[in-house]
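Hydrogens, waters and symmetry mates are skipped; everything else that's a heavy atom, side chains included, is used. Bear in mind that the values here come from a model prediction, so they are computed numbers and not experimental data.
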2 protein chains.
Amino acid sequence: MARPREFDEADALDRAMQVFWTKGYEGTGISDLLEAMQIGRGSLYKAFGDKKGLFLAALKQYEKNCIEPGLQFLNDRNIPDGAQRIQMLLETVVAVVESDNDRRGCFLCNTAVDQAPHDPEISKTCQDMMGKMVQGFYGALKDTTRHKNLGEEALQKKAMGLNIAYNGLRIMVKAGYAPEDVRKTINTILAEFDLLT
Amino acid sequence: MARPREFDEADALDRAMQVFWTKGYEGTGISDLLEAMQIGRGSLYKAFGDKKGLFLAALKQYEKNCIEPGLQFLNDRNIPDGAQRIQMLLETVVAVVESDNDRRGCFLCNTAVDQAPHDPEISKTCQDMMGKMVQGFYGALKDTTRHKNLGEEALQKKAMGLNIAYNGLRIMVKAGYAPEDVRKTINTILAEFDLLT
DNA sequence: AGTATTAGGAACTGATCAGTCCAAAACACA
DNA sequence: TGTGTTTTGGACTGATCAGTTCCTAATACT
């Protein structure tokens, strides 16, 4: 018995995510969001509370749209060798630069760098999401012949190491390095972590 | 034949660097800078041009104050084993958290993430500075018994790999991870890169 | 002392910031 | 066709943004 919402919330959230991802939290104005989301001011504040609320919702949307598929890929037994899965995931980092000239990096990493230190709620969300990434690497590592005999703790540590390497690669891209340099570094990482196929 | 400057430029730059480092470019207002630098608006604009000019100068100051000493340390033969120098450098990343609860991370990494993609001049500066970091790791690697027999290219690649691991560790700190987790990851990195002493 | 030149600082610019308010609009139900 | 409830979007708020202007202060040189 009320007026129904005229916009699709998930759709609007996707657009908001893209804006925050591209311009960062501080770099994004409410007007940028309104334009991208194609909704009015009142609707935004009624649906998401305030800027930070919308940002957190967008971050969760990133988890659903980008992190979760990554995890599924890292645990996808259709590619039997986990090392190959890891290699393919790392190569997406450079692929998006080459195909779309997309240097926005990882929205999660970006947020960890520029917002997590200033807000405990965002900090906690970042740690949770990074924890999931680590578990993704862990799952892939368990499916490698070379490491399946390692203990659980050793695998966890290696997974954490891979995750910070992944984050570092994302920074390298944002700093502006050429795709071939990034690719070379990916190979180095794979070699050092004993993941060359 | 003119009025002399009343403030010390390097000193003011140090303070500006601290503010930008702590709050980021977008998060920093001119008023924040004026308060920290203890100078007036006119002086700031006369001496540094505009906000971006001041930021670039502060970034250079970071290079001089923080990057260069790091490079010297990585190449300091008073510690004969390069692997130990690398270990000690990585441990400073967690040490600043434990002693000062300083989670500002690396000003260079922060800038690469949130400003480099939006400004070619900053992008270039970031790449230059990261290149220096890589050369620092390279110098240390050359002083390790285990790797001195590696070819130059292999050493360069390993140095680049260490640099992105370093960047990843910085992100981990900013995300809010506990010092013991970071320390554990440092050990993992050292192990994977065959740098355990 | 007088003059040229630069530094300093406060008042001011228009633009933009996040957020609020409110009247009109659109629906469900009676 | 009312009536109650919620959405909508534009007008508006005061605060802050980066940057300019202009007058005074402080020096060096003649």
Side-chain angles (χ1 to χ4, degrees), chain A residues 1-59 61 110-111 114-116 118-122, chain B residues 1-59 61 110-111 114-116 118-122:
Chain A
M1 41 149 110
R3 179 174 176 176
R5 188 159 281 169
E6 287 181 7
F7 65 95
D8 181 66
E9 191 167 315
D11 198 64
L13 215 40
D14 282 340
R15 298 166 189 266
M17 179 191 81
Q18 296 293 341
V19 179
F20 277 129
W21 190 355
T22 304
K23 312 181 72 166
Y25 182 80
E26 305 271 13
T28 299
I30 299 288
S31 352
D32 299 321
L33 294 163
L34 298 180
E35 191 184 1
M37 299 167 83
Q38 295 277 33
I39 63 175
R41 253 183 152 70
S43 309
L44 188 150
Y45 279 92
K46 198 146 285 186
F48 302 103
D50 57 5
K51 190 185 179 186
K52 189 190 147 188
L54 176 55
F55 183 80
L56 275 168
L59 193 55
Q61 191 76 352
N110 300 353
T111 301
D114 60 41
Q115 286 307 307
H118 303 102
D119 187 294
E121 200 174 354
I122 294 179
Chain B
M1 41 149 110
R3 179 175 175 176
R5 189 158 281 168
E6 286 181 7
F7 65 94
D8 181 66
E9 191 167 314
D11 198 63
L13 216 40
D14 282 340
R15 297 165 189 266
M17 180 191 81
Q18 296 293 341
V19 180
F20 278 129
W21 190 356
T22 305
K23 312 181 74 166
Y25 182 80
E26 305 271 12
T28 299
I30 298 289
S31 351
D32 299 321
L33 294 162
L34 298 180
E35 191 184 359
M37 298 167 81
Q38 296 276 35
I39 63 176
R41 253 184 153 70
S43 310
L44 188 150
Y45 280 93
K46 200 149 288 185
F48 301 104
D50 58 5
K51 191 186 178 185
K52 189 191 147 188
L54 176 56
F55 183 80
L56 275 168
L59 194 55
Q61 192 76 350
N110 300 353
T111 301
D114 60 41
Q115 287 307 307
H118 303 103
D119 187 293
E121 199 174 354
I122 293 178

Could you pull out all residues at least two apart from B:Lys23 that satisfy salt bridge (Lys or Arg N to Asp or Glu O under 4.0 Å)? B:Asp32
Minimal non-hydrogen separation, A:Val19 against A:Ala36, with atom names: CG2-CB, 3.4 Å
Quick one: CG on A:Asp11 to CD on A:Gln38, what's the gap to the nearest 0.5 Å? 10.0 Å
What are the two closest heavy atoms between B:Ala16 and B:Ala58, and how far apart are they? C-CB, 4.5 Å
Which residues pass the ring-ring contact (aromatic ring centres under 6.0 Å, His included) test with B:Tyr45, sequence neighbours left out? none
To check you understand the geometry: which heavy-atom pair defines the closest contact between A:Leu44 and A:Met37, and what is its length? CD1-SD, 3.9 Å
Taken in chain and number order and not counting sequence neighbours, the residues that satisfy ring-ring contact (aromatic ring centres under 6.0 Å, His included) with A:Phe48 are none
Of residues 5-19 of chain A, the positions that come close to DNA chain C - non-hydrogen atoms, cut-off under 4.0 Å: none
Could you tell me which residues satisfy side chain to side chain donor-acceptor pair (under 3.5 Å) with B:Lys52, sequence neighbours excluded, listed by chain and number? B:Asp119, B:Glu121
Whole-Å distance, A:Phe55 CZ to C:dA18 P, equals 13 Å
Please identify each residue that fulfils side chain to side chain donor-acceptor pair (under 3.5 Å) with B:Asp50, with sequence neighbours left out. none
According to side chain to side chain donor-acceptor pair (under 3.5 Å), who are the partners of B:Thr22, at least two apart in sequence or on a separate chain? B:Arg104
Specify the residues of residues 46-54 of chain A, ordered by number, for which at least one heavy atom lies under 4.0 angstrom from an atom of DNA chain C. A:Asp50, A:Lys51
Counting only heavy atoms and a strict 4.0 angstrom limit, can you tell me which residues of residues 28-45 of chain A come near DNA chain C? A:Thr28, A:Gly29, A:Ile30, A:Ser31, A:Arg41, A:Tyr45
So, using side chain to side chain donor-acceptor pair (under 3.5 Å) as the criterion, who are the partners of A:Glu26 when residues are at least two apart? none
Any A:Thr111 side-chain heavy atom under 4.5 Å of A:Tyr25 side chain: no
Flag the pair A:Phe20 / A:Leu54 as yes when at least one side-chain heavy-atom distance between them is below 4.5 Å, and no otherwise. yes
Global bending angle along the helix from C:dA1-D:dT30 to C:dA30-D:dT1, which compares the axes of five pairs at either end, to 10 degrees: 0°
So, do B:Ile122 and B:Leu56 sit near enough that their side-chain heavy atoms are less than 4.5 Å apart? yes
Would you tabulate the pairs of protein nitrogen or oxygen atoms and nucleotide nitrogen or oxygen atoms of nucleotides 27-30 of chain C closer than 3.5 angstrom?
{"residue": "C:dA28", "atom": "O4'", "partner": "A:Met1", "partner atom": "N", "Å": "3.1"}

How far apart are the closest heavy atoms of B:Leu13 and B:Ala57, and which atoms are they? CD1-CB, 3.7 Å
